[in-house]
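Working notes, structure below.
Every heavy atom of this structure was used, including side-chain atoms; hydrogens, water molecules and symmetry mates were not.
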Amino acid sequence: MPPSKSLLLPIGALIIAMVSVQAGAAFAKILFPIIGAQGTVVLRLSLAALMLGAVLRIWRVRIVRANWHIALIYGANLGVMNLLYYLAVARIPVGIAAALEFTGPLAVAIFTSRTRLDLLWAALAVGGIVLLLPLGGAESALDPLGVIFALGAGLGWALYIFTGRRAGNTFGAPAPALGMMVAALITMPLGAGEAMAGFSSLNIFLLAVAVAALSSAVPFAFEMAALRRLPPQAYGTLTSMEPAIGALSGLVILHEMLPVHQWLAIGLVILASIGTTLTVRARERGLEKETD
């Protein structure tokens, strides 16, 4: 099979995963007026833990005294990251929250790469953030607390890169299910009461199930399929489009209209991420040639 055709399926799978995640965030926002952001997080994490636990057979995970702290740190980070992101989405448009959160892994990529081009990508990312910051008294200015929550979620995503890798190496494939379970237990005190309202109506509960599936179960399955066949450079470049997908999801599902300068800001963050991905991959190829 020609390489171009062989990549179509994993690329399609990754796009479906990204659309699923961002659509899940948009649908979750519909639940906020009913059960609140905290209640939505607790319900979503709990349902996702059940779904992933069944699929990944979480009962096979062996937790001993030597590794329980790894599960705790990984799950706590996952829970706080999701809570901060939903608190951000409750105050600012989904696409902007996704762009600000994306600065976390982008910062990790920039700081772990050491080329002159990294300064350009960093400048583009900073420029995008500045355009999104609630400066001035413009009508389209963002809620400052929402921006802080989104940047906090970005920091959580940056930490997730390291905690998730360690948990994966320790617990194997069931690690995401274990992390979801710990995250649900840790966030439970913050939104258990609100989450119970999700069982008051079949429609509300089904929407919560859809959010859990779209945000966790579906993207996990498709992303795993993409990772097995997609080159790292292509994966990094494609995931850079997630903020734009988030903005489009907010537009289609929630009718969140963004002014031109906010679309430009999202574009700068995406361009910085694509550039960083290409730079890191080029450096890796250079190192591989030196060792040959």
Side-chain angles (χ1 to χ4, degrees), residues 10 13-14 17-18 20-21 24-25 28 41-87 98 101-112 150-191 211-230 232 235-236 238-239 242 277 280:
L14 184 56
M18 291 188 293
S20 180
V21 167
V41 168
V42 171
L43 198 53
R44 178 229 149 173
L45 290 175
S46 301
L47 291 171
L50 291 174
M51 293 177 188
L52 289 178
V55 173
L56 299 176
R57 294 180 285 185
I58 194 173
W59 54 87
R60 297 175 61 186
V61 175
R62 194 163 167 236
I63 300 179
V64 296
R65 183 178 297 180
N67 64 21
W68 69 266
H69 66 284
I70 297 175
L72 180 61
I73 293 172
Y74 170 54
N77 182 72
L78 187 63
V80 172
M81 179 179 69
N82 277 275
L83 178 61
L84 289 175
Y85 185 68
Y86 274 27
L87 289 173
E101 186 192 32
F102 205 76
T103 58
L106 177 58
V108 172
I110 289 175
F111 288 127
T112 54
L151 291 174
L155 176 60
W157 194 350
L159 295 174
Y160 176 80
I161 294 173
F162 302 102
T163 61
R165 180 180 300 169
R166 190 175 184 189
N169 291 335
T170 303
F171 302 109
L178 178 61
M180 284 287 179
M181 184 172 292
V182 174
L185 291 173
I186 285 177
T187 57
M188 195 76 70
L190 302 175
V211 168
L214 288 170
S215 301
S216 303
V218 173
F220 175 81
F222 279 96
E223 193 171 64
M224 286 299 102
L227 280 171
R228 285 196 295 266
R229 299 177 59 186
L230 207 58
Y235 177 83
L238 285 169
T239 52
E242 194 156 333
T277 301
V280 169

Point to revise | Spacing of I70 atom CD1 and F171 atom CZ [to the nearest 0.5 Å] | key: 5.5 Å
**Study point:** Closest non-hydrogen atom pair between A76 and V182, with its separation
**Key:** N-CG1, 4.1 Å
Exercise for review: For the pair N77 (side chain) and I73 (backbone), establish whether a donor and an acceptor sit closer than 3.5 Å, ignoring hydrogens and angles.
Suggested key: no
Review point. Once you round to the nearest 0.5 Å, how far does CG of L45 lie from OG1 of T187?
Key: 5.0 Å
Practice item. Provide the closest heavy-atom pair for M188 versus V42 in the form atom of the first, atom of the second, distance. Key: SD-CG1, 3.4 Å
Practice item. Search all heavy atoms of A213 against all heavy atoms of P219 and return the closest pair with its distance. Key: O-CD, 3.5 Å
Review point. Would a 4.5 Å heavy-atom cut-off, applied to side chains only, mark E101 and M81 as touching?
Key: yes
Point to revise | Residues I58, L52; criterion side-chain contact (heavy atoms from CB on, under 4.5 Å); working and verdict | key: CA-CA 8 Å; I58 194 173; L52 289 178; over 6 Å; no
**Study point:** Least distance between heavy atoms, F222 atom then A13 atom
**Key:** CB-O, 3.3 Å
**Study point:** Counterpart residues, side-chain hydrogen bond (donor to acceptor under 3.5 Å, both in side chains), relative to N82 (two or more places apart)
**Key:** R44
Point to revise | Smallest separation among heavy atoms of S215 and G24, with atom names | key: OG-CA, 3.6 Å
Review point. Taking atom CG of L72 and atom OG1 of T163, what is their separation to the nearest 0.5 Å?
Key: 11.0 Å
Study note, to complete from the structure: Separation between CD1 (I186) and CG (L78), nearest 0.5 Å, reads 9.5 Å
Check your understanding: Looking at A212 and L47, what are the two nearest heavy atoms and their distance?
Key -> CB-CB, 3.6 Å
**Study point:** Student check: side-chain heavy atoms of L178 and Y74 closer than 4.5 Å
**Key:** no
